[in-house]
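Okay, structure first, notes after.
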Amino acid sequence: MRQSTNNSIFYNVDWITILIYVLLVIMGWMNIYAAVYNEEHYIITDISQKYGKQMIWIATAFLIALIILIIDESFYTAFAYFIFGFFLVLNLAVPFLGREVKGSRSWFRFGDFGIQPAEFMKFAANLALAKFLSNQHIKISDYRNTIISLIIIGVPMVVIKVLQDETGLAIVFVAFIITLYREGLSINYLLLGFLAVILFVMALLVNNMYLFAIIGALCVIAVLFVKRNAKNLFIIAMVGMIACGMVKGTSTVYEHMEPHQKVRIDVLLGRGTVDLKKEGYNVNQAKIAIGSGGFAGKGYLQGTQTKYDFVPEQDTDFIFCTVGEEWGFLGSSVVIILQLVLIIRLVFMAERQRSPFSRIYGYGVASVFFFHLTINIGMTIGLAPVIGIPLPFFSYGGSSLWSFTILLFIFLKLDSHRLQILR
Amino acid sequence: MNQLSDRKYFIIGIFILIGLIYIARLFYIQVIDDTYKLDARNQAFRYKTEYPIRGYIYDRKGKLLVYNEAAYDLMVLPKDVKDLDTADFCDLLGITKEQFLKKMKKAVQAPNSPRRESIFEKQLSPREYASLQERLYRFKGFWVQSRTLRKYPKKIAAHMLGYIGEADKNITEKDPYYKDGDYLGISGIEKTYEKVLRGKKGMRIMMVDVHNREKGSYMNGIYDTMAISGKPLTTTIDADLQEYGEKLMQNKIGSLVAIDPQTGEILAIITSPTYDPNLLVGRARNKNFSMLLKDTIGNPLFNRSTMASYPPGSTFKLVMALIGLHEGVLTADTRYPCARGYPPLGGRPKCHPHASPMDLHGAIGTSCNSYFSYVFKSVIDDKKYHDTYKAYQNWRDIAMSFCLGTKTGSDLANELRGNVPSIKYYDKVFGKGSWKASTVISLGIGQAEMGITPLQNANLVSIIANKGYYYTPHIVKAIGGNENDTLLDRFKVKHYTKITDTAVYNDVIRGMAKAVEGGTAAGLKIEGIPYCAKTGTAQNPHGKDHSVFVCFAPIDKPKIAIGILIENAGFGSTWAGPIARLMMEKYLKGEITRPDLEKRMLEGDLIHKGKTTEEKTTH
């Protein structure tokens, strides 16, 4: 290897990314301190408090990052499937071996600290997907390969959703669609997905009969504007039928949802009457906290809505409320921009890889971060349904911090060897 | 591959687009939309009112009339009441379980609610509070809020001081300063000087958590406002004189007002029967209030000194004399006959037996009805006006310049205007142009529709004592120790009547002096202090005549002018005169030289035992 002459583990690593990472982690830590601030334990390193615990998570995360950089890059390609299999087994086992905490069966407990294996499924699946797609003979446009890719993504989703009942952790795997798209998945799948989302929303807001009529009308218009050959007519007819099927399916799916999930969708869409004391409480309180921050915020540790528990889960899923309340529009924008800078930087880094494995893995990391960012902040400002997933580097919790760190640093390690072709 | 790598632009575009949408959304909810800020404040702040100390009230010599005593309201927030040991709690408060349930129900039902704090038990005494305080921590949802209650060490001047009440919906809607249940002055000077006495409420902003627990003061209190105490009032009342007067007036129905003519300061203002102002404070207030309301004979809540309109009777003859002299239709030597009544109208109005004919001084001394009927007729039929209406209007204008039929403008609450009938009124009663002097002749002797309040009566005496001017009678001498407070400026303005010629007054004053030297008030002389007086009766269509007496002393540079009326007590010299005399002596000398008179007045009971026989003795 060309760089083997240089023994420094930091050789050729992307310092800009590390800098943004450290910045976000420290900002996150400070925000956890503010969110659960306790005057009796005001020292940020007090490990009886969540901010003290987070410090331990951060320290160990740094250690993990270091270990990842030390391990030889070929380890990740060589053991990608093994790692995937290992964590899949772990996730299969946790409902049976793990201790049940607050009705949740997705945790391994070690005293005061807990580990959620589902969090680590993300990088494992990402490795497996990269390994599979980077195979020279693989063309994703081949539908068999598409199906295998979807299985790599889908199996962990099903396991986490069905066995552990962790909707938030499961749904994240949808993010890998972005990777697949970059690697050649037909845009039609994305359009179909997009159409599905639009129709889902419409089906819940508009009388289905009207929707059928609208779809029909659109098909007729399409027929008038395209070359009327058999192929086009067939496509239009298919799209129309699929659309109608989706509308019908949406209603069925909605009816079969669990009550709390229906409510979350209702809240997001403003459907029916939302009781702000019950189902609408979380989102309303989140919006109050963020909205009351104003332009420049109330000042660090001056937040009232988050600190005094008006906002539920203010240190984990709703941590962004603390940012919004205490740092205002300025601080919130800075956090969003910083996260996006990191994500876009990852895309650029992925594109500069010579090895498809590294590129695909890099896209996976960017996609997962982006998905978390979109859903987490979206739900606090009423633009996305309430799904319990953490804001990268900000939400309290060791598993998620470790998971994001592993995701990121494996890519940094791969990137430091970007001139090599890894298989 | 080249084509696929172009897909990064689309992907990055999506990332940036979502970022921009989110930032725009944040800009909307954080910068543009204010509702969330308001919601946050409503949720996380508890606005705690700091009640200011209400101003104390003193008499003219600095004696304390009203102060505050701490009282404690037991508050409840029903939603926080949990695991309550009801039996223990009732025991502590000394209430039954039924009472407890009733009070809880009240705290939960509209306009209260389980989420709204309300008063559970009002105004506990410091002693009750002390025993409660130690054990209150065990009862979640209950706490004590301190308030202040008025206390009256001297138990006098109830009507003048007025009382405090709780703000209800009418008040809170009119003036947003008040919140439901705030205390404010309802009557008396507590009402007229409410804004001075109340001070200014302060506001502390406390932060609370989702469980409504207090978490300290917002921003270390930089937005808090301190309560500003109310200013103390120094009244013009002489507490000793007031107390003495109230004793003399006990068991009599009527009113006495004493004014310092040189300043318009009210030295004593007595309504009888009166009540102990402490009765209308505290928890027994409602009970006491209805008890006082039940006394329909004495009607102690009725503030007679400013709210009762009596016919002025003989007192008005003094004004009649002044107008006659002023208009030039009368001299001190003018004599008119009396035939136990006014001869031209066949002996009506009637008069009592006395020598006839008499000159002005004699007529004032004997209070001759016939004489002043003549004077009234000569004023109204005065040739120089050619016209009854013009002459009557002139007469009425002069009368009203003596503050009759018009409010004096004092700082006492709820003052009655009284009545000097207008031309319009008589036109309505008799028809336009079909009435003249003889139709309304009894106005000349202060009867008919004429009505004045005891305050106006005393002010009238002041005017005569001052020979033509008065200062608006008032009850407050200084606000916060400052006699030059701008609120008091209006009491430093001399008001002149339409009769300013002192010679005219001298004639009347001489007549009043004669009444004391050898007339109807001869038995009421004060050693060393020559004074002026006019006894009288006011005919009362509803029963026995009212006993009326007006006087001022000393004759030169008068220091006190008194108007007194005692209902259904007959001649002025029987009850009204002696009380006025004792009051003057008390004020000017500080001691009483006629203990016999004092004893008779103190013991006289005109309400309960019927009338004593002594009323026939003087005349």
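Proteins come first, then strands; the chains are lettered A, B, ... in the order of their sequence lines, and each starts at number 1. Note that these values count all heavy atoms, side chains included, but never hydrogens, waters or copies made by symmetry.
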Next on the checklist: Within a 6.0 Å radius of atom CE on B:Met203, are there more than 12 heavy atoms belonging to other residues, nucleotides or ligands?
Outcome noted: yes
Item to check | Heavy-atom pair of closest approach, residues B:Ser5 and A:Glu351 | outcome: CB-OE1, 3.8 Å
Next on the checklist: If I take atom CZ from residue B:Arg25 and atom OG from residue A:Ser332, how far apart are they, to the nearest 0.5 angstrom?
Outcome noted: 13.0 Å
Checklist entry - So with a 6.0 Å cut-off around CD of B:Glu173, is the heavy-atom count from everything else above 12? => result yes
Item to check | Greater than 12 external heavy atoms within 6.0 Å of B:Tyr177's OH | outcome: yes
Item to check | Contacting region of A:Ile178 [heavy-atom separation from chain B under 4.5 Å] | outcome: both
Checklist entry - Relative to chain B, which segment of A:Phe320 carries a heavy atom at a distance below 4.5 Å: side chain, backbone, both, or neither? => result side chain
Next on the checklist: Using side-chain contact (heavy atoms from CB on, under 4.5 Å), reason through B:Leu4 and A:Glu183 one step at a time and then give a plain yes or no.
Outcome noted: CA-CA 7 Å; B:Leu4 283 180; A:Glu183 293 307 312; 5.7 Å; no
Next on the checklist: Is A:Gln339 in contact with chain B via its backbone, its side chain, both, or neither, using a 4.5 Å heavy-atom distance?
Outcome noted: neither
Item to check | Exceeds 12 heavy-atom contacts within 6.0 angstrom, atom CD1 of B:Ile53 | outcome: no
Checklist outcome for this item: Turns out that what part of A:Phe370 lies under 4.5 Å from chain B's heavy atoms comes down to side chain
Checklist outcome for this item: dist B:Tyr36:OH -> A:Gln285:CD (nearest 0.5 Å) comes out at 11.5 Å
Checklist outcome for this item: Counting heavy-atom pairs under 4.5 angstrom with chain B, the leader among A:Asn284, A:Leu373, A:Thr304 is A:Thr304
Item to check | Which atoms of A:Ile337 approach chain B - backbone, side chain, both or neither, heavy atom under 4.5 Å | outcome: side chain
Next on the checklist: Let me confirm one number: the CD1-CG distance from A:Ile288 to B:Asp39, rounded to the nearest 0.5 Å.
Outcome noted: 4.0 Å
Checklist entry - With a cut-off of 6.0 Å (strictly less than), are more than 12 heavy atoms of other residues, nucleotides or ligands near NZ of B:Lys200? => result no
Checklist entry - Given the side-chain rings of A:Tyr181 and B:Phe10, with only the six-membered ring counted for Trp, is the space between their centroids under 6.0 Å? => result yes
Checklist entry - When you look at A:Ile381 and B:Tyr28, which way does the side-chain contact (heavy atoms from CB on, under 4.5 Å) test go after all the steps? => result CA-CA 10 Å; A:Ile381 57 179; B:Tyr28 177 74; over 6 Å; no
Next on the checklist: When you compare the side chain of B:Phe15 with that of A:Val347, does any pair of heavy atoms fall below 4.5 Å?
Outcome noted: yes
Item to check | Which atom of A:Leu340 lies closest to which atom of B:Gly19, heavy atoms considered | outcome: CD1-CA, 3.5 Å
Item to check | Derivation of the side-chain contact (heavy atoms from CB on, under 4.5 Å) call for A:Phe295 and B:Gln30 | outcome: CA-CA 6 Å; A:Phe295 185 74; B:Gln30 292 187 302; over 6 Å; no
Next on the checklist: Counting only non-hydrogen atoms closer than 4.5 Å, does B:Ile18 touch chain A with its backbone (N, CA, C, O), its side chain (CB onward), both, or neither?
Outcome noted: side chain
Checklist entry - Atom CD1 of A:Ile336 and atom OH of B:Tyr22: how far apart are they, to the nearest 0.5 Å? => result 8.5 Å
Next on the checklist: For a quick test of reading the model, state the closest non-hydrogen atom pair linking A:Lys287 to B:Ile29 and the distance between them.
Outcome noted: O-CD1, 4.5 Å
Item to check | Distance-minimising heavy-atom pair for A:Ile187 and B:Arg7 | outcome: N-NH2, 4.1 Å
Checklist entry - Hey, what do you get for CD1 (B:Ile21) to OG1 (A:Thr374), rounding to the nearest 0.5 Å? => result 10.0 Å
Checklist outcome for this item: Closest non-hydrogen contact found for B:Ala44 with A:Gln305 is CB-OE1, 3.0 Å
Item to check | Part of B:Leu26 within contact of chain A (heavy atom distance under 4.5 Å) | outcome: both
Checklist entry - Under 6.0 Å from the NZ atom of B:Lys231, do we count more than 12 heavy atoms belonging to anything else shown? => result no
Next on the checklist: Would you compute the distance between atom OG of A:Ser333 and atom CG of B:Leu20 and round it to the nearest 0.5 angstrom?
Outcome noted: 10.5 Å
